[in-house]
Amino acid sequence: MKIEPRLSRGLRDLLPQAAMARRQLIGKVRAVYENYGFSPLETPAVEYLDILSGSAGEEAQQSIFRVVNPEEEALGLRFDLTVPLSRVVSRYAQIELPFRRYQLAQVWRADKPQPGRFRQFTQFDIDSVGAPSEIADTEILAVICDALDAVEAGPYKVKFSSRKILDLLLRYAGIGEDLAADVFRVLDKLDKLGLEKVKKELTAGYEDESGAPVRGLGLASAQVSKIEDFLSITGDTRGEVLKTLGGEFRDVAGSGEQLAAVESISSHLDTLGYRSDRVMLDLGIARGLAYYTGPVFEAVLLDAPQFGSVFGGGRYDDLVSRFGGPPVPATGASLGVDRLLAALEHLGKVSQRKTTAQVFVSTMDRALMSEYLQIAFELRRAGIRTEINVGRPKKLGKQLQRADRLEIPYVLIMGADEAARGMVTVKEMEVGRARSSGIAGHEQWKAARFGQQEIPRAALVETLQRLLERPAA
RNA sequence: GCCGACGUAGCUCAGUAGGUUAGAGCGCCUGAUUGUGGAUCAGGAGGUCGAUGGUUCAAAUCCAUCCGUCGGUACCA
């Protein structure tokens with residue numbers, strides 16, 4: 001019986017072109033993370049279900065992929081990297097705190113797939129665990145900026161706020177703490193839904209376009225108008241926003257202390273040159289996650305806002321102590337690699353390379369096979385990425401066609417003629433590609449031998465190294 | 001999860017008041033051109049019409065269920 005080569009929903013393969021673009025992006029971000037002195041961590045994809053679900057509500061558990069093992073343990077695939085990080089910090093007493101780690105890994109959520117959203121996706125997290133200082137939060141905001149600069153994502157906005165500010169808001173608007181999580185979750189949709197729908201969802205609820213009811217939270221109109229006042233606070237700089245906010249919250253208990261903490265982050269950022277044009281205090285940022293306790297972060301690309309936030313994160317001072325022991329304050333951010341990649345691709349900023357090979361060694365004459373191999377390995381030992389024809393010995397035309405389709409820049413041609421003279425023909429494929437449209441007859445095309453030169457075999461490595469160092473055509 | 005639309009070749013899509021062997025363009029393969037990628041020309045391969053069940057003398061076409069894709073909504077720990 002034939003087996004369909006299918007994939008379960010929301011899963012996908014990354015063919016070489018996509019995989020190479022991803023690796024390139026990851027390499028740039030990793031360099032930034034390491035520049036801040038963070039070190040890698042790797043953990044298993046599979047965790048015990050109670051470890052995974054402890055932080056999540058019951059509904060959330062629906063989107064955990066269950067794993068079956070022969071011992072029939074209750075296992076699941078990780079849905080983020082923060083929970084495994086907390087487990088690791090709790091498990092190994094020898095870990096030096098603050099633990100500054102980055103982790104690049106696949107995570108799984110059994111949600112409905114959407115464009116740019118899959119059931120298996122990659123996160124690239126950076127966190128400081130055991131770091132109570134607002135310096136740690138400042139660092140995270142800065143590293144987000146540096147990473148977005150490094151991948152040349154174009155203009156972006158890193159937005160931050162604080163759960164502490166939102167707690168003040170609850171007091172300011174006279175909303176009970178029991179509603180906190182629900183209110184934050186609704187506020188988090190502000191960007192996506194707009195003020196009107198958010199207001200409706202805070203009060204009586206409404207019916208969306210498809211006719212599905214959206215449950216309201218039942219807040220009073222006086223409370224909602226307080227929230228509206230709060231959300232309308234904007235300014236050109238973080239300082240302005242803080243000043244207005246301070247005025248608005250002047251009668252709220254504890255506001256001075258909490259706002260000073262945010263102000264401290266802001267002034268550190270100013271000192272370092274991360275100004276309000278790219279790191280903005282945005283009071284609409286809430287983050288859906290329940291475990292955040294302090295500053296929360298998000299980053300969007302201004303040229304591709306439809307892809308949503310590419311970075312998200314915040315401070316979570318209570319998550320680690322879930323595994324027992326004293327409180328371990330922590331802060332960090334997560335890069336949605338797939339989302340960022342999708343956005344960059346949309347912006348035409350992703351490498352289109354189809355293969356890693358820089359040079360293709362064609363094989364024409366069976367008698368010279370050993371020569372071809374030696375040439376290929378000489379190039380490889382010199383660090384030049386080289387493919388030798390390993391397919392059926394086809395005609396030269398077929399081999400050039402392959403090099404052309406894979407966009408391998410250089411092809412080496414050596415028949416008995418060249419070999420006898422101790423020469424090798426180096427063909428630069430781009431030359432012919434550029435001239436192709438001006439050539440009518442095939443005879444003329446063949447005779448032109450575009451981009452070819454004969455190089456002494458002894459000078460081959462050196463010549464190719466020089467050619468490859470030129471700026472890419 | 002809920003509501004709706006849609007699933008025909010690798011891709012984009014024709015084809016249904018049920019009726020011989022299901023088509024096109026692009027792509028792919030072979031050759032013209034035994035050492036030159038493009039273009040051109042000639043030939044060729046590739047589909048159990050998403051799956052299963054049903055109605056019928058007869059189903060890509062009608063019905064049911066399932067799966068998948070897309071749009072909206074919920075969720076996003």
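Naming convention: chains lettered A, B, ... in sequence-line order (proteins, then strands); numbering from 1 in each chain.
- Rounded to an integer number of Å, the gap from Phe121(A) CZ to rC76(B) C1' is 8 Å.
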Sugar-phosphate means primed atoms, P, OP1 and OP2; the rest is base. With that split, encode nucleotides 27-36 of chain B 5' to 3' as B, S or - using protein heavy atoms under 4.0 Å.
-SSSSSB-BB

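- The distance from atom CZ of Arg339(A) to atom P of rC76(B) is 14 Å, rounded to the nearest whole Å.
- For RNA chain B, the neighbouring residues in residues 431-439 of chain A, judged by any heavy atom under 4.0 Å, are Gly432(A), Arg433(A), Ser436(A), Ile439(A).
- At the phosphate of rC75(B), OP1 or OP2 sits under 4.0 Å from a side-chain N or O atom of Arg185(A).
- Taking the ring centre of Tyr292(A) as origin, the terminal cationic atom of Arg163(A) falls outside the region bounded by 6.0 Å and 45° from the ring axis.
- Relative to the ring axis of Tyr33(A), Arg30(A) does not place its NZ or CZ within 45° and under 6.0 Å from the centre.
- Spacing between atom CD1 of Ile408(A) and atom P of rG38(B) amounts to 15 Å, rounded to whole angstrom units.
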RNA chain B in dot-bracket form (Watson-Crick or G-U pairs under 3.5 Å, [ ] crossing, | inter-strand) is (((((((..((((.....[...)))).(((((.......))))).....(((((..]....))))))))))))....

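- Salt bridge absent: Lys157(A) and Glu298(A) never bring a charged side-chain N and a carboxylate O closer than 4.0 Å.
- A salt bridge links Lys354(A) and Glu407(A); the closest N-O separation between the charged side-chain nitrogens and carboxylate oxygens is under 4.0 Å.
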For Trp445(A) and Phe450(A), what are the C-alpha separation, side-chain angles and deciding distance, and is it a ring pair (Phe, Tyr, Trp, His ring centres under 6.0 Å)?
CA-CA 8 Å; Trp445(A) 164 260; Phe450(A) 288 114; 5.7 Å; yes

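- Heavy atoms only, all atoms of each residue included: Ile64(A) and Gly76(A) are closest at CG2-CA, 4.2 Å.
- When the P atom of rU73(B) is taken as reference, atom CD of Glu201(A) falls 12 Å away, rounded to whole Å.
- In this structure, CD of Gln444(A) is placed 14 Å from P of rG37(B), rounded to the nearest angstrom.
- If you check every strand for non-hydrogen atoms under 4.0 Å, Arg9(A) touches sugar and phosphate atoms only.
- Atom CZ of Arg109(A) is separated from atom P of rG1(B) by 17 Å (rounded to the nearest Å).
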For Arg12(A) and Asp338(A): C-alpha separation, side-chain torsions, deciding distance, then whether salt bridge (charged side-chain N to carboxylate O under 4.0 Å, His left out) applies.
CA-CA 12 Å; Arg12(A) 66 199 171 132; Asp338(A) 307 81; 2.4 Å; yes

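- Nucleic acid contact class of Ala440(A) (heavy atoms, under 4.0 Å, all strands): base.
- Taking atom CD on Glu298(A) and atom C1' on rC76(B), their separation rounds to 12 Å, with Å as the unit.
- Residues Arg433(A) and Met429(A) meet the side-chain proximity criterion, which asks for heavy atoms closer than 4.5 Å.
- No side-chain donor-acceptor contact under 3.5 Å links Arg278(A) to the backbone of Cys145(A).
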